[in-house]
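Each chain gets a letter, A, B and so on, in the order its sequence line appears, and its residues count up from 1. Since this is a predicted model, take the numbers as computed values, not measurements.
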Number of protein chains: 2
Amino acid sequence: MTDDRWVPPPVLLTVDLVILTLRESRLQVLLVERGVEPYKGDLALPGGFLQHAEEDLITAAHRELSEEADLDVETLRLEQSGVYGAPGRDPRGRVVSVAYLAIAPRLPEPTAGTDAADARWQPVDHVLSGDLELAFDHRRIVEDGVERARVKLEHSALATAFCGPIFTITELQEVYEAVWGIPLDPRNFYRKVQKTDGFIIPAGSARKSATGRPARLFKAGRREVLYPPMVRPSESSNAKEQ
Amino acid sequence: MTDDRWVPPPVLLTVDLVILTLRESRLQVLLVERGVEPYKGDLALPGGFLQHAEEDLITAAHRELSEEADLDVETLRLEQSGVYGAPGRDPRGRVVSVAYLAIAPRLPEPTAGTDAADARWQPVDHVLSGDLELAFDHRRIVEDGVERARVKLEHSALATAFCGPIFTITELQEVYEAVWGIPLDPRNFYRKVQKTDGFIIPAGSARKSATGRPARLFKAGRREVLYPPMVRPSESSNAKEQ
DNA sequence: AGAATAGTGTCTCTGAGACATTATCGC
DNA sequence: GCGATAATGTCTCAGAGACACTATTCT
């Protein structure tokens, strides 16, 4: 099968970023309008080719993150979310894309970057429902990224990363509700979060809303892995396989 | 930052396979002795370069699987497990590897393939403990693959794939014990597995061991996602992040 | 006082863990 | 009968879900 003169086919590598945030109590994903062919003018995930042969994947992801959105790279956790390498996915040739997932607190409207004609937040439901068409196979990448975020919310303290440095329990609950897309009972949520040791740490008390009793403030604790995990209700009737 | 004449750097793509099975009640991984440089003579995961520019990743994984081990591809579930693309991981240049995880029932000693001087099963503990040196960053790939298998055992009916088409509950328990590396209570395991609807289906009754009461036989049910999940004990004291 | 939001308490049910007991085989 | 393995039952405790109540602010 392998010839003496055979050489492996080169491929081009891109990193694509699924940057999720919370705006107006909805889970939103950062999309850019492509400024170049192919799919020029269409919406797509921020990302791009590896810069040079020595660039690390995670480095490239961070570079694209700061290039295409004016975000503070330090505060963002970045994690690999999948590889997409189907032969026909990019008309420019054999392009394999490594997807990275980033979770961010409320962010400002991003400034347009170099490769992107425009960059803006879009609700993920619009993407998942298909109302919003994305270039390449980026819709699938968003789907996988969102599902990964949902699972991570169960088992890790990731939700605090969606909030600012100081937050109320209600705000934290809103994060879960937005990402999971379901309502939660405030009292059970309160109890669960409070008794999960090291999840959140008290940080004084202050007013938050215009009316009502002032909420206590918290900051993220040291615990990364939540055990027992936060449970997503009615998980009995789902099906999610590769 | 982007020059007019700039072109993205090409990379070489490999697929690496983490093939896990159960032999002698231990979790074992298929390793090959490399027949070519670099790392010639060292143990490594089966795998290799993309064959041609149009080959799908999963196709390449299946091809390597049948090339390097004489396994029935049909019965194996294959799933992406990670990407490994650190700049210095392969002396031949910029090589990015996509790892695939395969789970298999008891398998025979494999026959040596084309690229591999020798192929054989090795207990994963030997790899994880570092007693067994692996080429490239393959030890890390095995670590990630095993952890993924452990998690999948919790939330999916994957464990039945380790068994043959017909099995006893005790055999199924041995799968969990081998992969998780901990002993389980037979009575609680029995109860849990029985009441998880659609996990296993009765398939008659027959003798299994030389002595004692004959065990009932089962086959895999239709359910893929287990809810509530099988819980891995003492998960309270672990830490596992990217 | 009343509206609005934050925080606490209680009851019930499910499921996990620990462990004793019974059932069915070969000898 | 005995030894060995399979299967079932029981008790207890932790945690999730449902829901009523109290607390603290503002107007």
Side-chain angles (χ1 to χ4, degrees), chain A residues 25 153-155 163 166-177 180 182-219 223 225-238, chain B residues 25 153-155 163 166-177 180 182-218 223 225-237:
Chain A
S25 296
L153 234 58
E154 295 187 76
H155 302 283
C163 306
I166 298 290
F167 51 87
T168 69
I169 291 191
T170 302
E171 285 171 351
L172 188 62
Q173 180 181 341
E174 284 166 356
V175 172
Y176 276 92
E177 291 179 329
W180 285 351
I182 49 174
L184 297 174
D185 185 300
R187 303 161 293 201
N188 295 336
F189 184 85
Y190 204 97
R191 165 164 49 96
K192 170 71 178 179
V193 167
Q194 283 282 37
K195 83 158 50 174
T196 301
D197 225 58
F199 191 4
I200 55 175
I201 306 176
S205 173
R207 288 223 49 69
K208 270 300 176 176
S209 47
T211 176
R213 175 174 176 175
R216 275 185 271 184
L217 298 177
F218 296 86
K219 58 181 179 180
R223 177 169 294 259
V225 179
L226 301 185
Y227 187 83
M230 306 289 293
V231 284
R232 186 156 39 141
S234 90
E235 203 169 349
S236 46
S237 58
N238 71 355
Chain B
S25 297
L153 235 58
E154 295 186 78
H155 301 283
C163 306
I166 298 292
F167 50 87
T168 69
I169 290 190
T170 302
E171 284 171 352
L172 188 62
Q173 180 181 339
E174 283 166 357
V175 172
Y176 276 92
E177 291 180 328
W180 285 351
I182 50 174
L184 298 174
D185 185 301
R187 303 158 295 200
N188 294 335
F189 184 84
Y190 203 98
R191 165 164 48 98
K192 171 69 178 182
V193 167
Q194 284 281 38
K195 84 159 47 171
T196 301
D197 225 58
F199 190 6
I200 55 176
I201 305 176
S205 173
R207 287 220 52 69
K208 269 300 176 180
S209 46
T211 177
R213 176 174 174 174
R216 275 185 272 186
L217 297 177
F218 296 87
R223 176 169 296 259
V225 179
L226 300 185
Y227 187 83
M230 306 288 294
V231 284
R232 186 156 40 142
S234 89
E235 204 167 348
S236 44
S237 57

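Among the protein residues, A:T168 comes within range of no part of the nucleic acid, since none of its heavy atoms lies under 4.0 Å from any strand.
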- Apply the test side-chain contact (heavy atoms from CB on, under 4.5 Å) to residues B:V193 and B:Q173: give CA-CA distance (whole Å), side-chain angles for both, the deciding distance (0.1 Å), then the verdict. CA-CA 9 Å; B:V193 167; B:Q173 180 181 339; over 6 Å; no

- Between B:W180 and B:M230, is a side-chain contact (heavy atoms from CB on, under 4.5 Å) present by the stated rule, with each step listed? CA-CA 11 Å; B:W180 285 351; B:M230 306 288 294; 3.9 Å; yes

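The nearest whole Å value for the distance from the OH atom in A:Y176 to the P atom in D:dG17 is 13 Å. Here the C1' atom of nucleotide D:dG17 and the CZ atom of A:R232 are 18 Å apart, to the nearest Å. Atom-to-atom, CD1 of B:I169 to C1' of D:dT5 comes out at 14 Å; the value is rounded to the nearest Å. Rounded to whole Å, the distance from CD on A:E154 to P on D:dA16 is 12 Å. Rounding to whole angstrom units, CZ of residue B:F189 and P of D:dT8 are separated by 14 Å. With rounding to whole Å, A:I182 atom CD1 is found 13 Å from D:dG17 atom C1'.
Every residue two or more places apart in sequence or in another chain that forms a side-chain contact (heavy atoms from CB on, under 4.5 Å) with A:I166 is listed here: A:A203, A:L217, A:K219. Partners of A:T211 by side-chain contact (heavy atoms from CB on, under 4.5 Å), not counting sequence neighbours: none found. Residues passing the salt bridge (charged side-chain N to carboxylate O under 4.0 Å, His left out) test with A:R187, sequence neighbours excluded: A:D185. For A:Y176, the side chain to side chain donor-acceptor pair (under 3.5 Å) criterion is met by no residue, not counting sequence neighbours.
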- In B/S/- notation (B base, S sugar-phosphate only, - none; protein heavy atoms under 4.0 Å), nucleotides 22-27 of chain C written 5' to 3' is -BBBS-

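For B:E174 (side chain) and B:S25 (main-chain N/O), no donor-acceptor pair under 3.5 Å exists by modelled atom type.
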Between the protein and nucleotides 13-16 of chain C, which nitrogen or oxygen pairs come in under 3.5 angstrom?
from	atom 1	to	atom 2	distance (Å)
C:dA16	OP1	B:K192	NZ	2.5
C:dA16	N7	B:R191	NH1	3.3

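Pairing each heavy atom of A:I182 with each of A:R232, the nearest pair is CD1-CG, 4.4 Å.
Residue-to-nucleotide contacts include no donor-acceptor pair under 3.5 Å from the side chain of B:R187 to the base of C:dA18.
Counting only heavy atoms from C-beta outward, the side chains of B:L184 and B:P233 approach each other to under 4.5 Å.
In this model, the phosphate group of D:dA6 is not approached by any side-chain N or O of B:Y190 to a distance below 4.0 Å at OP1 or OP2.
For B:D185, the listed nucleotide lying nearest its side chain is C:dA18; candidates were C:dA18, C:dT8, D:dT8.
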